[in-house]
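Values reported hereafter were calculated over all heavy atoms of this structure, with side chains retained and with hydrogens, waters and symmetry mates removed. Position 1 is the first residue of the sequence, and the numbers go up from there.
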Amino acid sequence: MAKQNHMINLSEVPVVEINAPEGSAFGGSRQRVGAAIGAQKLGYSFFSVPPGKAAFPYHTHTTNEEMIYVVEGRGVLRLAKDEVEVTAGTIVACPPGTEFPHQLINTGNQDLRYLVVSTMEYPDLSEYPDSNKIGAYATAAVGKQVGFRALFVKDQQVSYYEGEDGQAIARILKSGSRQAAE
């Protein structure tokens, strides 16, 4: 049987550990299926999260929508102001918007395994209500065109011209005034 570039067995997708701080409440592993088979408009990843952990902080998206399908295990889904128990077979919609922060926490005694499917539209802003951060993402985290991705503390707002010293403007004007004098 011929190999198809846009099809793969999950066992062939590399397992990558979530890059969480050692000893934190976060951890687990991820298999980036969408990236492995060339998906462009949807991202799909399988997660395995150990008991007592969450893969990601409580967060929102302004642009991207996510769907979670719980394959096995049990957990609590934080969605907006609700905390709801989820088990194998649960399907969750996480629409874009600041009113839909979400996080899945493994409250069981075995790994929580789930599939996340998401739109891959950029730019996307994320808010992290528990830590008062904002994430600005111009691209996906992996792939051929990884670009600007940054996190900021939300309350450290600055004015539009903050840090703009005008030195380049002065340099150009000075250089131009020499040309005009010649």
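- Here the CD atom belonging to E85 is positioned 6.5 Å from the OG1 atom belonging to T87, to the nearest 0.5 angstrom.
- Residues I8 and A36 approach most closely at CD1-CB, 4.3 Å, considering heavy atoms.
- Residues Y137 and Y122 share a closest heavy-atom pair of O-CD2, 3.4 Å.
- Rounding to the nearest 0.5 angstrom, the gap separating the OH atom in Y69 from the CZ atom in R113 is 11.0 Å.
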Name the atoms and distances for all side-chain donor-acceptor pairs under 3.5 Å in residues 10-20, with sequence neighbours left out.
residue, atom, partner, partner atom, Å
S11, OG, N9, OD1, 2.8
E12, OE2, N9, N, 3.1

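- Between P51 and D111, the shortest heavy-atom contact is CD-OD1, 3.7 Å.
- D124 places a side-chain heavy atom less than 4.5 Å from the side chain of T62.
- Taking NE2 of H61 as the reference point, atom OG1 of T119 lies at 8.5 Å (rounded to 0.5 Å).
- Side-chain atoms of K53 and N106, non-hydrogen and from C-beta on, never get closer than 4.5 Å to each other.
- Residue I68 holds its CD1 atom at 6.0 Å from CG of L77, rounded to the nearest 0.5 Å.
- Relative orientation of the F56 and F47 rings is perpendicular, given thresholds of 30° and 60° on the angle between their planes.
- Summarising the geometry of P129 relative to P101, their closest heavy-atom pair is CG-CB, 4.0 Å, with the distance given to 0.1 Å.
- How far OH of Y128 is from CZ of F152: 12.0 Å, rounded to the nearest 0.5 Å.
- Side-chain contact between M120 and Q40 is absent, with no heavy-atom pair separated by less than 4.5 Å.
- Remark: the backbone N or O of E121 is not paired with any side-chain donor or acceptor of K41 at under 3.5 angstrom.
- A donor-acceptor contact shorter than 3.5 Å links the side chain of T60 to the backbone of E127.
- Checking side-chain atoms of H6 against main-chain N and O of I37 turns up a donor-acceptor pair under 3.5 Å.
- Contact detail for Y114 and A55: the closest heavy-atom pair is OH-CB, 3.5 Å.
- With a 6.0 Å radius and a threshold of 12 heavy atoms from other residues, nucleotides or ligands, R78 has its CZ atom above the threshold.
- Hydrophobic clustering (side-chain heavy atoms under 4.5 Å, transitive across Ile, Leu, Val, Met, Phe, Trp, Tyr) keeps V117 apart from L104.
- The hydrophobic clustering, which links ILVMFWY residues whose side-chain heavy atoms are closer than 4.5 Å, places Y44 and V70 apart.
- Under the 3.5 Å distance criterion, with hydrogens and angles disregarded, no donor-acceptor pair is assigned to the side chains of N64 and S118.
- Here the CD-CG distance, from E65 to L42, works out to 10.5 Å after rounding to the nearest 0.5 Å.
- Residues F26 and Q103 are in side-chain contact: their nearest non-hydrogen atoms beyond the backbone lie under 4.5 Å apart.
- A donor-acceptor pair under 3.5 Å is absent between the side-chain atoms of S45 and the main chain of V116, judged by distance alone.
- Residue-environment remark: CG (D165) exceeds the threshold of 12 foreign heavy atoms within 6.0 Å.
- V86 and I91 end up in different hydrophobic clusters when Ile, Leu, Val, Met, Phe, Trp and Tyr side chains are linked at under 4.5 Å.
- Put simply, the side chain of I134 does not reach to within 4.5 Å of the side chain of S126, judged on heavy atoms.
- Nearest heavy-atom pair across V49 and G27 is CG1-O, 3.8 Å.
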